[in-house]
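These notes concern the structure reproduced below.
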Amino acid sequence: MAMRWVALIALLCAARSARADETAIGVVAVGETGVEREVAKRMSSWLRARGYTVSSDPLSDDATNTLTNCFTLDDLACARGVFDARSKTNTLVYVGVIATAKNITFNTYWFTKGKEALGERRVCEKCEGDAWHALTDKMMERLSADSRPVGKRPSRLGPVIVIGAGVATIAAGGIFLYYGSLGGPDQKYIYQESTPVGIALGAVGLGATLVGTIWLIQTGSSRSGPVATATRDGGYIGWTGHF
């Protein structure tokens with residue numbers, strides 16, 4: 001009887017651990033620079049300081065090697081497949097660290113099951129000592145912010161309507177200007193007072209068209225783009241985006 005209770009408690013603890021891993025974040029850093037372990041510790045500490053639970057074993061060694069091979073082949077679909085099938089956590093931060101001369105490149109990816117992968121690449125130039133700390137902190141800030149749930153993309157109907165109304169108003173102003181410019185005995189319709197009305201309508205229409213165009217551009221803006229930072233100890237450049 002006692003053995004049954006022991007087995008039941010063990011099963012409950014295992015189930016609880018499994019559920020905990022589902023809400024935890026895994027951090028994996030690979031490379032041949034000698035700082036991979038420190039990078040993983042730095043990112044894990046950053047996550048814990050912000051209330052995240054960090055898993056100590058998000059991937060098996062074999063799964064880590066397979067994931068690394070996917071990135072060696074620059075095959076993100078392969079990497080996503082390995083993460084979905086073999087990650088023990090629902091979220092994983094993977095960092096590939098590459099050293100060239102005095103520069104260190106960080107290829108960081110934030111995977112979340114059921115969502116698109118987020119990636120960012122930054123280069124720490126003339127990287128000495130702990131100069132890379134600020135770089136990886138900024139990467140984590142950007143990737144964690146971009147991974148948060150967002151609402152639907154703003155509708156483009158509003159700006160399209162504003163642009164259409166602006167164009168129509170410009171056309172109406174052109175008609176008023178045309179009739180305001182008529183004159184002479186051979187002209188059947190002469191409306192000299194329509195000239196200022198045409199000018200006003202044209203100005204309003206132009207303003208509405210510009211506002212609608214800016215609005216339309218903003219609704220379709222992308223969160224991918226280049227990043228660059230300079231510090232007293234060096235600088236780094238890179239690119240961030242969704243994949």
Side-chain angles (χ1 to χ4, degrees), residues 24-50 52-112 116-147 224-243:
I25 295 180
V27 178
V28 174
V30 299
E32 299 178 355
T33 65
V35 299
E36 297 79 27
R37 184 173 297 180
E38 293 300 318
V39 171
K41 290 173 62 176
R42 177 79 182 184
M43 290 187 168
S44 296
S45 298
W46 188 95
L47 289 166
R48 291 191 183 98
R50 286 153 183 79
Y52 292 95
T53 301
V54 180
S55 172
S56 59
D57 184 29
L59 285 177
S60 66
D61 291 341
D62 181 63
T64 299
N65 291 334
T66 304
L67 187 61
T68 301
N69 290 335
C70 291
F71 283 112
T72 301
L73 298 173
D74 198 22
D75 190 343
L76 187 62
C78 166
R80 182 56 193 251
V82 173
F83 163 73
D84 286 339
R86 306 186 66 178
S87 176
K88 302 174 186 177
T89 60
N90 281 340
T91 303
L92 178 71
V93 178
Y94 175 91
V95 191
V97 187
I98 303 172
T100 305
K102 292 184 179 181
N103 299 338
I104 300 180
T105 301
F106 297 84
N107 294 307
T108 305
Y109 294 86
W110 184 295
F111 292 97
T112 302
E116 60 181 336
L118 305 173
E120 184 166 346
R121 178 181 182 272
R122 293 201 183 192
V123 180
C124 181
E125 297 183 337
K126 298 180 181 180
C127 209
E128 297 180 355
D130 59 0
W132 56 269
H133 285 189
L135 181 148
T136 56
D137 288 350
K138 287 185 178 297
M139 295 177 81
M140 294 297 286
E141 288 174 7
R142 183 182 294 271
L143 292 174
S144 63
D146 286 350
S147 69
S224 298
V227 291
T229 303
T231 66
R232 182 180 60 185
D233 300 321
Y236 45 87
I237 58 175
W239 187 273
T240 178
H242 291 238
F243 303 93

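The OG1 atom of Thr112 sits 7.0 Å away from atom CG of Leu118, with the distance rounded to the nearest 0.5 Å.
Not counting sequence neighbours, the partners of Phe111 by the ring pair (Phe, Tyr, Trp, His ring centres under 6.0 Å) test are Phe83. For Arg48, the salt bridge (Lys or Arg N to Asp or Glu O under 4.0 Å) test picks out no residue, with sequence neighbours left out. Every residue two or more places apart in sequence or in another chain that forms a side chain to side chain donor-acceptor pair (under 3.5 Å) with Thr33 is listed here: Glu36. For Asp62, the salt bridge (Lys or Arg N to Asp or Glu O under 4.0 Å) partners are Arg86, not counting sequence neighbours. For Asp84, the side-chain contact (heavy atoms from CB on, under 4.5 Å) partners two or more places apart in sequence, or in a different chain, are Arg80, Lys113. Qualifying side-chain contact (heavy atoms from CB on, under 4.5 Å) partners for Arg50, counting only residues two or more places apart in sequence or in other chains: Trp46, Tyr52.
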>> side chain to side chain contact (heavy atoms under 4.5 Å, CB included) for Phe71 and Val30? Distances and angles first, verdict last.
In response: CA-CA 11 Å; Phe71 283 112; Val30 299; over 6 Å; no
Leu67/Val28 under side chain to side chain contact (heavy atoms under 4.5 Å, CB included): CA gap, chis, key distance, verdict:
CA-CA 10 Å; Leu67 187 61; Val28 174; 5.8 Å; no
Would Leu73 and Cys78 satisfy side chain to side chain contact (heavy atoms under 4.5 Å, CB included), going step by step from the backbone distance to the final call?
CA-CA 9 Å; Leu73 298 173; Cys78 166; over 6 Å; no
| task | Test Phe106 against Val97 for side chain to side chain contact (heavy atoms under 4.5 Å, CB included), laying out the working first. | result | CA-CA 5 Å; Phe106 297 84; Val97 187; 4.2 Å; yes
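Contact between Val82 and Cys70 at its shortest, heavy atoms only, is CG2-SG, 3.9 Å. Heavy-atom minimum distance, Pro58 versus Gly26: CB-CA, 3.5 Å.
Partner of Ile98 under the side-chain contact (heavy atoms from CB on, under 4.5 Å) criterion, chosen from Asn103, Ile104, Asn107: Asn107. Exactly one residue among Asn90, Thr89, Leu92 makes a side-chain contact (heavy atoms from CB on, under 4.5 Å) with Ser55. That residue is Thr89.
Taking the side chain as every heavy atom from C-beta outward, Met43 and Thr108 approach each other to under 4.5 Å. A 4.5 Å side-chain heavy-atom check between Arg42 and Asp137 finds at least one atom pair inside the cut-off. Using a 4.5 Å heavy-atom cutoff, the side chains of Met140 and Trp110 are in contact.
Checked by atom type, the side-chain pair Thr68/Tyr94 shows a donor-acceptor distance below 3.5 Å.
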